[in-house]
Amino acid sequence: MSQPKTLFDKIWDSHVVDRQDDGNCLIYIDRHLVHEVTSPQAFEGLRNAGRAVRRPELTLAVPDHNVPTENRAGGIDDEESRIQVETLAKNAKDFGLPYFDMFDIRQGIVHIIGPEQGFTLPGMTIVCGDSHTATHGAFGSLAFGIGTSEVEHVLATQTLQQRPAKNMRVMVKGALPAGVTAKDLILAIIGKIGTAGGTGHVIEFAGQAIRDLSMEGRMTVCNMTIEGGARAGLIAPDQKTFDYLKGRTMAPKGDAWEKAVAYWSTLPSDDGAFYDKEVELDVADIPPQVTWGTSPEDVAPITGTVPSPDSFAGGKREAAQRSLDYMGLKAGMPLTDVKIDKVFIGSCTNGRIEDLREVAAVAKGHKVADGIHAMVVPGSGLVKEQAEKEGLHKILLEAGFDWREPGCSMCLAMNADKLKPQERCASTSNRNFEGRQGRGGRTHLVSPGMAAAAALKGTLADVREYLK
Amino acid sequence: MKPFKELTGIAAPMDLINIDTDMIIPKQFLKTIQRSGLGKNLFDEMRYNDDGSEKADFVLNREPYRHASILVAGDNFGCGSSREHAPWALEDFGIRCVIAPSFADIFHNNCFKNGILPIRLPEETVNALMEKADRGQNAMFTVDLERQVVVDPDGVEISFEVDPFRKHCLLNGLDDIGLTLQKGGAIDGYEAARAETAPWVTPDAA
């Protein structure tokens, strides 16, 4: 029998176009998502060299980072943002790429719409000039972020020059308790392995807690793999994966579907496959998680306190002190005492329908606390439409949430949605870096339910209080 | 791409771990549709006050580090987003080499596409270089890619590892796309074979 292979090995091996003697490979790219921020210089490069896009039909372009989340009919006020979005539209037209403009109901965050359209499929290689491309790994596809030079390389050749990553497995045991979600699970993992824990590796998430997650939850987990240092996260495809994809617009149909499912079913890692690194975590007893600092590894249970920098060693001690100074927090303070100003619910991490259902379940019958601005930004036009069909927007509007148009919004604040200096936000996004949500802004990463609870309380709060 | 052969210049110390791409170049500067001109906004929030004046204590605002061409930094440099604006901003400022105990994967990759050499060295070695980089005008380092050595201000040579193919591309300033297009036949062959074995890869139209 041949050597047992991991899911990563199988996808990698089936995409090698050329292998050099030094181990560098040329790998084929099945899907390329393109947005307005990291692509203009790539198209300019193609034009300057007189090159075409090799496989336009394997490419999908959509504006997401710069689009306004209110009064869209009024266009984009900020001139640079507008030029960037117009440049994408022109490039898509000139190079013949499928393109969803910001008035198309299918428009949304690249990592939400890929799976939604069935453009994302198991066993594929998927890239985008965006580090959260890792999201698509939830389908058992090798998906990772690339820089603009590589965007140009994929456009021109449909390949990338790569060396294979190492294999890492994170085994997640136990069943998640009530009120504890995929977001808490991935925050707990990042807290454990650190933001460089997966560097040089692809992380495969396995174990009962992962199998139990919905596809939305799996996407949340894989999405933040990059915050754990790994370019790609992977979850083996199973019946849930196939059920999610069946019938989606761009997914295969009929005989092609049957063939595809038969192939996808061979993808899970073989018994005895080798992992360069293994980590185990039991989530049966974890409380909801929240970040206190300016690195996604700065994670604590909501039942805990702000840690003391002295509890860390080496360079982390100094970094933790810098974080506390920036965040305006004191060591020893209970996290539930931390007052907030804003709430952001959305992003490629938590902008899917299940996330909005979670928020509505907590918000129902309550009111947003005085002085708190709580934004809800659906991940796509279709997510928004579905939420409105279910009446979620009514629950949220009645509770005092701000219901907006789809886009990346205040996850990274490239559009008009941003924090002011020293404003504090409970956010369902993925990065709490200094200045991420606006210069001087302070971000606490939480799950959608936790963000909703914070909006109602006006402080960081334990969502389980609202689920009794 | 500009070739990288040998570099002699001032090394600036940045003794901080997890320097992320939002620190290197904040998002408001990603709205450009060009590659050039980002150097003035490198480390923008660390480097400037709200009124646009310089923060006097930030290393790149001090002499001689204003003229640094090398950075010595803490672990996990370049973590965060895939924005190639980070190496573009470094390069535009004049930084052609970053020395750190580790780099985030995407940033590491992006450096090589822009004529910047990221050098991984053990933490103790980086700490020693960090101290020597603190010597101001005398923090003159030489990086010799051909021989794979960093020569510190005391003349001590420290060897480093680099992928041979990437070294070859950097030394010669080679264009990746040009190299790949020479393998066009292999790509054609792969596509033809895959159309047979995995026909679903070509999507139905959106």
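Here is the naming used below: chain letters follow the sequence lines, and residue numbers restart at 1 for every chain.
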Quick one: closest heavy-atom pair of N24(A) and F165(B), and the distance?
ND2-CB, 3.1 Å
Heavy-atom side-chain proximity of R439(A) to D50(B) below 4.5 angstrom:
yes
For L179(B) and Q161(A), the nearest pair of non-hydrogen atoms, with its separation, is CB-NE2, 4.1 Å
The test is salt bridge (Lys or Arg N to Asp or Glu O under 4.0 Å); show your working for K316(A) and D75(B) and say whether it passes.
CA-CA 10 Å; K316(A) 185 66 192 174; D75(B) 203 21; over 6 Å; no
What part of E45(B) is in contact with chain A, defined as an atom under 4.5 angstrom from a non-hydrogen atom: side chain, backbone, both or neither?
both
Heavy-atom side-chain proximity of V201(B) to R31(A) below 4.5 angstrom:
yes
Under 4.5 Å from any heavy atom of chain A, what part of I17(B) do you find: side chain, backbone, both or neither?
side chain
Using heavy-atom distances under 4.5 Å, tell me whether F107(B) contacts chain A through its side chain, its backbone, both, or neither.
neither
Toward chain B, the part of H15(A) with a non-hydrogen atom under 4.5 Å
both
T197(B) versus chain A, heavy atoms under 4.5 Å apart: side chain, backbone, both or neither?
neither
Derivation of the salt bridge (Lys or Arg N to Asp or Glu O under 4.0 Å) call for E196(B) and K259(A)
CA-CA 12 Å; E196(B) 294 296 318; K259(A) 268 188 171 166; over 6 Å; no
For chain A, find which of E191(B), M46(B), R83(B) contributes the most heavy-atom pairs closer than 4.5 angstrom.
E191(B)
Mind listing the closest non-hydrogen atom pair of L181(B) and A156(A) along with its distance?
CD2-O, 4.4 Å
Going from OG1 on T180(B) to CD on Q158(A), what distance comes out if it is rounded to the nearest 0.5 angstrom?
12.5 Å
Can you sort out the partners of H85(B) under ring pair (Phe, Tyr, Trp, His ring centres under 6.0 Å), two or more places apart, ordered by chain and number?
W88(B)
Of all heavy-atom pairs linking E150(A) and N109(B), the shortest is OE2-ND2, 2.7 Å
Taking atom types as modelled, find out whether Q20(A) and K183(B) have a side-chain donor-acceptor pair closer than 3.5 angstrom.
yes
With a 6.0 Å cut-off (strictly less than), is the heavy-atom count around NZ of K55(B), excluding the residue itself, greater than 12?
yes
Can you check side-chain contact (heavy atoms from CB on, under 4.5 Å) on M414(A) and L30(B), steps first, answer last?
CA-CA 8 Å; M414(A) 271 192 80; L30(B) 310 188; 3.8 Å; yes
Measuring heavy-atom distances to chain B, does E36(A) have an atom under 4.5 Å in its side chain, in its backbone, in both, or in neither?
neither
Go through the atoms of D175(B) and report whether side chain, backbone, both or neither lie under 4.5 Å from a heavy atom of chain A.
side chain
Just so I know, are the side chains of K113(B) and T148(A) near enough to count as touching, which here means a heavy-atom distance under 4.5 Å?
no
Return yes when atom NZ of K166(A) has more than 12 non-hydrogen atoms of other residues, nucleotides or ligands closer than 6.0 Å, and no otherwise.
no
Among the listed options D22(B), N114(B), N127(B), the residue most often paired with chain A at heavy-atom distances under 4.5 Å
D22(B)
Side chain from CB out, backbone as N, CA, C, O: work out which of these in L26(A) comes under 4.5 Å of a heavy atom of chain B, or both, or neither.
side chain
Which portion of D163(B) sits near chain A, non-hydrogen atoms under 4.5 angstrom:
side chain
Side chains of E84(B) and S149(A): any donor to acceptor distance under 3.5 Å?
yes
Please check if the side chain of Q84(A) supplies one atom and the backbone of T32(B) the other of a donor-acceptor pair under 3.5 Å.
yes
Rounded to the nearest 0.5 Å, the OG1 atom of T157(A) sits from the CD atom of Q182(B) at a distance of 12.5 Å
R436(A) and K27(B): which non-hydrogen atoms are nearest, and at how many Å?
O-NZ, 3.0 Å
Quick one: what part of N110(B) sits under 4.5 Å from any heavy atom of chain A, side chain, backbone, both or neither?
side chain
Just by distance, with hydrogens left out, do R231(A) and S82(B) show a side-chain donor and acceptor under 3.5 Å apart?
no
Against chain B, label T195(A) side chain, backbone, both or neither, depending on which of its atoms sit under 4.5 Å from a heavy atom there.
both
Which atoms of R166(B) come close to chain A, meaning under 4.5 Å heavy atom to heavy atom: side chain ones, backbone ones, both, or neither?
neither
Ranked by heavy-atom pairs below 4.5 Å to chain A, first place among I33(B), D15(B), L16(B) goes to I33(B)
Side chain proximity check, E434(A) to D20(B), heavy atoms < 4.5 angstrom
no
Between NE2 of H132(A) and OG of S81(B), what distance do you get to the nearest 0.5 Å?
8.5 Å
Going by the angle between their ring planes, with limits at 30° and 60°, are W200(B) and Y263(A) parallel, tilted or perpendicular?
tilted
For E157(B), does the CD atom have more than 12 heavy-atom neighbours from other residues, nucleotides or ligands under 6.0 Å away?
yes
Heavy-atom cut-off 4.5 Å, strictly under: side chain, backbone, both or neither for A49(A) against chain B?
neither
Chain A contact via E123(B) - side chain, backbone, both or neither, heavy atoms under 4.5 Å
neither
In terms of heavy-atom proximity below 4.5 Å to chain A, should I187(B) be classed as side chain, backbone, both, or neither?
both
D21(A) atom CG, over 12 foreign heavy atoms within 6.0 Å
no
Work out which heavy atom in S131(A) is nearest to a heavy atom in I106(B); give both atom names and the distance.
CB-CD1, 4.0 Å
Residues E79(A) and K31(B) bridged, charged N to O under 4.0 Å:
no
Just checking, any donor-acceptor pair under 3.5 angstrom between side chains of E57(A) and T202(B)?
no
Counting heavy-atom pairs closer than 4.5 Å to chain A, which one of T21(B), D105(B), D44(B) comes out on top?
D105(B)
Are the side chains of P203(B) and L58(A) in contact, using a 4.5 Å heavy-atom criterion?
yes
Tell me, side chain or backbone of E297(A) under 4.5 Å from chain B's heavy atoms, or both, or neither?
side chain
Could you look at S81(A) and say if it's the side chain, the backbone, both or neither that has a heavy atom under 4.5 Å from chain B?
both
More than 12 heavy atoms from other groups under 6.0 Å of CZ on R317(A):
yes
